[in-house]
Visitor: 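Sharing a structure below in structure tokens format, with a few things to ask.
Computed from a prediction, not measured in an experiment: that's the story for all the values here. First the proteins, then the strands, lettered A, B, ... as listed; each starts at 1. Below, all heavy atoms of this structure are taken into account, side chains as well, without hydrogens, waters or symmetry copies.
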2 protein chains.
Amino acid sequence: MSPKLPQFDLDTYLPFRLTVIAGQLSADLSKHYKTKFGISMPEWRVLLNVGYCEDLSVRDIEKRVSLEKSKVSRAASKLQAKGLLIKHVDAHDRRLVKLTLTRDGVRLLNELIPIAQAFQADLDAKLGAMAAPLHTALDVLGEGDDG
Amino acid sequence: MSPKLPQFDLDTYLPFRLTVIAGQLSADLSKHYKTKFGISMPEWRVLLNVGYCEDLSVRDIEKRVSLEKSKVSRAASKLQAKGLLIKHVDAHDRRLVKLTLTRDGVRLLNELIPIAQAFQADLDAKLGAMAAPLHTALDVLGEGDDG
DNA sequence: TTGACATCGTTGCATATGCAACAAATACTG
DNA sequence: CAGTATTTGTTGCATATGCAACGATGTCAA
């Protein structure tokens, strides 16, 4: 270590740690999805949100998942091309594009969800009693970033 | 929510939560670095690791930071082009490329570290007593992924 | 109503990324 | 020692990404 640098502990530096670990988890999963189903991470995230939330627009997803709107837009277009969801202009505000799963979309999600659940179960098993504090901490970290 | 889908709680799904939060934190920081100093996230990570670890090769960083080796290679090249570090072939194993900060690299890191420290301090303040359990949980999550 | 302003989604474009292929060096086997 | 396999870093290329610009719509005030 260079003597001219201030004290700094890389191993407890949160932006690093979180990025690395999130990257590992996502890479793990992404390989399952991409290889077996031809679904990219952004597509997977959009799919999941559309499946589990009422009547989402592109913008809603952007906010919920902190995914660039262009990323959401393109992911949605690809999913539509694959016949997994439909984009349709909202009747009340024609700027909004709402997303709805097709039957095939629902079907695919029904295959993917168990994989996600199994993964989550593994993590929870590993974490044990630490799961709850972890979520609490993540809640706190997620709070302040908007304002 | 579609009735044909199994129960699934998006809000406690860890791969999601971690990715979103890590992304928010990194985006926050990245803006500081990129705007003010022209440093990208990968460059920043490499810089930091070279500064705070002895005698790292590209491979070492790839492992430590779980950053693709091509990403490390290119980030290192850019940093070298900016005069912030030097790549040199290791004498004992000439496949290895070791990285060393230049004086300018050290100087820049001396400007950047306080920003990182302040950011970390903010997070720690927010977390309070939750910081320790968080790190413990992250340790656990980081463990099993290699094997 | 009109006109200035804000919001939403898409797209063009420069850049970043991931992956596979590759050359150079080393390790291993007999 | 020769010959094969493994490791390491770089690069080419197809694709993904971020950002700004844009068109379309909606909001608001006068």
Visitor: What's the closest nucleotide to the side chain of B:Asp93 if the choices are D:dC19, C:dG9, C:dT26?
Guide: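 So the nucleotide nearest the side chain must be C:dT26.
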
Visitor: Expressed in angstrom and rounded to an integer, what is the separation of A:Glu62 atom CD from C:dT7 atom P?
Guide: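 Interatomic distance, CD of A:Glu62 to P of C:dT7: 12 Å.
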
Visitor: Can you measure from CG (A:Asn49) to CG (A:Leu99) and round to the nearest 0.5 angstrom?
Guide: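 Atom-to-atom, A:Asn49:CG and A:Leu99:CG are 10.0 Å apart.
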
Visitor: Could you tell me how far apart A:Ile61 (CD1) and C:dG9 (P) are, to the nearest whole angstrom?
Guide: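 Between P of C:dG9 and CD1 of A:Ile61: 9 Å.
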
Visitor: B:Lys63 NZ to D:dG9 P: how many Å, rounded?
Guide: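 Nearest whole value for this atom pair: 10 Å.
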
Visitor: Expressed as a whole number of angstroms, how long is the span from A:Leu67:CG to D:dA16:C1'?
Guide: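 For the pair A:Leu67 CG and D:dA16 C1', the rounded distance is 12 Å.
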
Visitor: Does C:dA25 have its OP1 or OP2 closer than 4.0 Å to a side-chain nitrogen or oxygen of B:Arg94?
Guide: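 Yes, B:Arg94 has a side-chain N/O under 4.0 Å of OP1/OP2 on C:dA25.
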
Visitor: Ignoring backbone atoms, test whether A:Lys87 places a side-chain nitrogen or oxygen under 4.0 Å from the OP1 or OP2 oxygen of C:dT10.
Guide: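 Answer yes for this pair, as a side-chain N or O of A:Lys87 is under 4.0 Å from OP1 or OP2.
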
Visitor: Taking N and O atoms by type only, does the side chain of A:Arg95 place a donor or acceptor under 3.5 Å from a partner on the base of C:dT7?
Guide: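 Yes, a donor-acceptor pair under 3.5 Å.
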
Visitor: Does a nitrogen or oxygen in the side chain of A:Ser57 sit under 4.0 Å from OP1 or OP2 of C:dC8?
Guide: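 Indeed not, no polar side-chain atom of A:Ser57 lies that close.
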
Visitor: To the nearest Å, give me how far apart CD (B:Glu68) and C1' (D:dT8) are.
Guide: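 My rounded result for the distance is 14 Å.
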
Visitor: Closest nucleotide of DNA chain D for A:His92 versus for A:Glu43: which of these residues is on the 5' side?
Guide: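 Its nearest nucleotide being more 5', the pick is A:Glu43.
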
Visitor: Map B:Val72 and A:Arg74 onto DNA chain D by nearest heavy atom, then report which one ends up closer to the 5' terminus.
Guide: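 With B:Val72 and A:Arg74 compared, the 5'-side residue is B:Val72.
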
Visitor: Angle class for the B:Phe8/A:Tyr52 ring planes (parallel below 30°, perpendicular above 60°, tilted otherwise)?
Guide: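 Rings of B:Phe8 and A:Tyr52: tilted, 30 to 60°.
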
Visitor: Looking at A:Lys71, does any N or O in its side chain come under 4.0 Å of the phosphate oxygens OP1/OP2 on D:dC19?
Guide: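 No, outside the criterion.
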
Visitor: With a 4.0 Å limit, can you tell me whether B:Lys69 has a side-chain N or O closer than that to the phosphate oxygens OP1/OP2 of C:dG18?
Guide: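 Looking at the OP1 and OP2 atoms of C:dG18, neither is under 4.0 Å from any side-chain N or O of B:Lys69.
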
Visitor: Flag the pair A:Asp60 and A:Lys63 as a salt bridge only when some basic side-chain nitrogen lies within less than 4.0 angstrom of an acidic carboxylate oxygen.
Guide: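 No, this pair does not count.
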
Visitor: So, is B:Ser40 close to the C:dA16 phosphate, meaning a side-chain N or O under 4.0 Å from OP1 or OP2?
Guide: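 For C:dA16, OP1/OP2 do not have a side-chain N/O of B:Ser40 under 4.0 Å.
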
Visitor: As a test of reading the structure: which of C:dC8, C:dT10, D:dC19 is closest to the side chain of A:Ser73, going by heavy atoms?
Guide: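 In terms of side-chain proximity for A:Ser73, the closest of C:dC8, C:dT10, D:dC19 is C:dT10.
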
Visitor: For B:Ile39 and C:dA16, give me the distance from atom CD1 to atom C1', rounded to whole Å.
Guide: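 Interatomic distance, CD1 of B:Ile39 to C1' of C:dA16: 15 Å.
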
Visitor: Do the side-chain N and O atoms of A:His135 and B:Thr12 include a donor-acceptor pair separated by under 3.5 angstrom?
Guide: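 Judged by distance alone, the side chains do not pair up.
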
Visitor: For D:dA16 and A:Lys78 - does any side-chain N or O of the residue sit under 4.0 Å from the phosphate oxygens OP1/OP2?
Guide: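 Checking D:dA16 against A:Lys78, a side-chain N or O does come within under 4.0 Å of OP1 or OP2.
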
Visitor: Return the value, rounded to whole Å, for the distance between atom CG of B:Asp60 and atom P of D:dT7.
Guide: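 Between P of D:dT7 and CG of B:Asp60: 15 Å.
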
Visitor: Expressed as a whole number of angstroms, how long is the span from A:Leu96:CG to C:dT10:C1'?
Guide: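 It is 14 Å, rounded to the nearest whole Å.
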
Visitor: Does B:Lys87 form a side-chain hydrogen bond (donor to acceptor under 3.5 Å, both in side chains) with B:Ser77? I'd like the steps, not just the answer.
Guide: CA-CA 8 Å; B:Lys87 295 176 163 184; B:Ser77 294; 2.6 Å; yes

